[in-house]
Amino acid sequence: IDPRWLCHAFNEVVPADAVVVNELIVHRAVLDRYLERSRARHYMRSFGGLGQGLPNALGMKLAMPDQLVVAVVGDGSFHYNPVVACLGLCQERRMPILTVIFNNHGYASMQGGLAHHYPEGYGAKGGGRELATSITPRPDYPKLVEAFGGWGQAVDHPAEIVPALQRGIKAVQEGMPALVDVS
């Protein structure tokens, strides 16, 4: 699914006053360009390095408990996050957030590092992607949020995005953490 289409669907469904926390690597510029909303108080880039998107989103939820908070992460950065601790906090403190994964099946940060530090190496030439920087087969991320009383869905077709985001927002409004994994 083209990330620009995902941004289009996101703009259609996610309310303009929702707080969006961006921890994307590959698609950061796409979200920055196509996300239609006021930047002040409703959009932030995650800070502190990889693995801070969910904790930053929970901090925003704590500061603005009545706002819908959406963490937008790549699948690679999702793996760097303390997912279990964050989903546990969502459940324990009834601080639900919606997590949207822009899934490109890999660790772009590590792939870039291989190319930079070992330009002639096996991984940098592409032969090592499946060994060092790919995330395949695709994990069943929705099961993670379901383990904490939440709702999740994997999306593989553009027509599924809007309904999945709508269901995710509804789950959050009902007090459950939610996750939409878009591949």
Side-chain angles (χ1 to χ4, degrees), residues 3 6-7 10-11 14-15 17-35 37-117 132-135 138-152 154 165 168-169 171-172 176-183:
L6 175 51
C7 289
F10 192 98
N11 287 326
V14 177
D17 65 345
V19 177
V20 179
V21 178
N22 175 356
E23 187 183 19
L24 293 171
I25 304 300
V26 172
H27 300 112
R28 178 173 295 204
V30 173
L31 189 68
D32 285 347
R33 180 172 182 186
Y34 294 103
L35 186 67
R37 64 194 58 246
S38 166
R39 301 290 190 221
R41 293 192 65 214
H42 297 290
Y43 177 79
M44 70 169 284
R45 286 188 178 173
S46 190
F47 53 89
L50 284 173
Q52 298 300 312
L54 296 180
N56 289 171
L58 285 170
M60 297 302 280
K61 185 66 175 178
L62 185 61
M64 295 185 270
D66 296 329
Q67 295 294 121
L68 172 64
V69 176
V70 183
V72 181
V73 299
D75 56 324
S77 37
F78 184 75
H79 281 247
Y80 278 92
N81 275 267
V83 175
V84 170
C86 289
L87 292 174
L89 184 63
C90 285
Q91 181 184 41
E92 178 184 338
R93 297 292 180 177
R94 293 196 49 84
M95 293 178 20
I97 62 171
L98 171 60
T99 302
V100 178
I101 300 175
F102 279 57
N103 192 331
N104 67 354
H105 307 280
Y107 293 103
S109 172
M110 287 194 276
Q111 185 64 37
L114 285 171
H116 176 75
H117 295 293
T133 62
S134 70
I135 303 174
R138 178 183 183 182
D140 192 348
Y141 297 117
K143 285 188 178 175
L144 291 170
V145 74
E146 290 167 9
F148 291 91
W151 174 90
L165 290 172
I169 291 169
V172 169
M176 296 180 281
L179 181 145
V180 178
D181 173 22
V182 181
S183 187

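Side chains are part of it too, since the values below use all heavy atoms of this structure and drop only hydrogens, waters and symmetry mates. Predicted, not measured: the structure shown is a model, and the values here were computed from it.
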How close do Ala57 and Val69 get, heavy atom to heavy atom, and via which atoms?
O-CG1, 3.4 Å
Would you give the length of the straight line joining atom CD1 of Ile25 to atom CG of Leu50, rounded to the nearest 0.5 angstrom?
4.5 Å
Please report the interatomic distance CG(Leu87) to CG(Leu54), rounded to the nearest 0.5 Å.
7.0 Å
Check ring pair (Phe, Tyr, Trp, His ring centres under 6.0 Å) between Phe148 and all other residues, then give those that pass, not counting sequence neighbours.
none
Less than 4.5 Å apart, side chain to side chain, heavy atoms only: is that true for Ile97 and Val172?
no
Side-chain touch Leu179/Phe78, heavy atoms, less than 4.5 angstrom
yes
Which pair of heavy atoms, one from Tyr141 and one from Asp181, lies closest together, and at what distance?
CD1-OD2, 3.3 Å
Met60 CE to Met95 CE distance, which is reported to the nearest 0.5 Å:
12.0 Å
Compare every heavy atom of Gly149 with every heavy atom of Gln91, then report the nearest pair and how far apart it is.
NE2-N, 3.8 Å
Tell me the closest heavy-atom pair linking Ala178 and Val145, and the distance in Å.
N-CG2, 4.0 Å
Measure the shortest side-chain to side-chain distance between Glu23 and Asn56 over non-hydrogen atoms and say whether it is less than 4.5 angstrom.
no
What heavy-atom pair brings Tyr34 and Cys7 nearest, and what distance separates the two atoms?
CB-CB, 3.8 Å
Determine whether Tyr80 and Val73 make a side-chain contact, defined as any pair of heavy atoms from C-beta on separated by less than 4.5 Å.
no
Any heavy-atom pair between the side chains of Thr99 and Pro177 that's under 4.5 Å?
no
I'd like to know if the side chain of Lys61 reaches the main chain of Val70, judged simply by a donor and an acceptor atom lying under 3.5 Å from each other, with no hydrogens or angles considered.
no
What are the two closest non-hydrogen atoms of Leu68 and Pro15, and how far apart are they?
CD2-CD, 3.7 Å
Intermediate values then yes/no, side chain to side chain contact (heavy atoms under 4.5 Å, CB included), Leu24 and Ser77
CA-CA 7 Å; Leu24 293 171; Ser77 37; 5.7 Å; no
State whether the number of non-hydrogen atoms from other residues, nucleotides or ligands found under 6.0 Å of Arg138 atom CZ is greater than 12.
yes
Beyond-backbone contact of Asn81 with Pro55, side-chain heavy atoms, under 4.5 angstrom:
yes
What distance separates Phe10 CZ from Leu31 CG, expressed to the nearest 0.5 Å?
6.5 Å
Rounding to 0.5 Å, atoms CG (Asp75) and NE2 (His105) come to a distance of 7.0 Å
Rounded to the nearest 0.5 Å, how far does CD1 of Ile101 lie from CG of Leu6?
11.5 Å
Contacts of Phe102 that satisfy ring pair (Phe, Tyr, Trp, His ring centres under 6.0 Å) - sequence neighbours left out:
His27
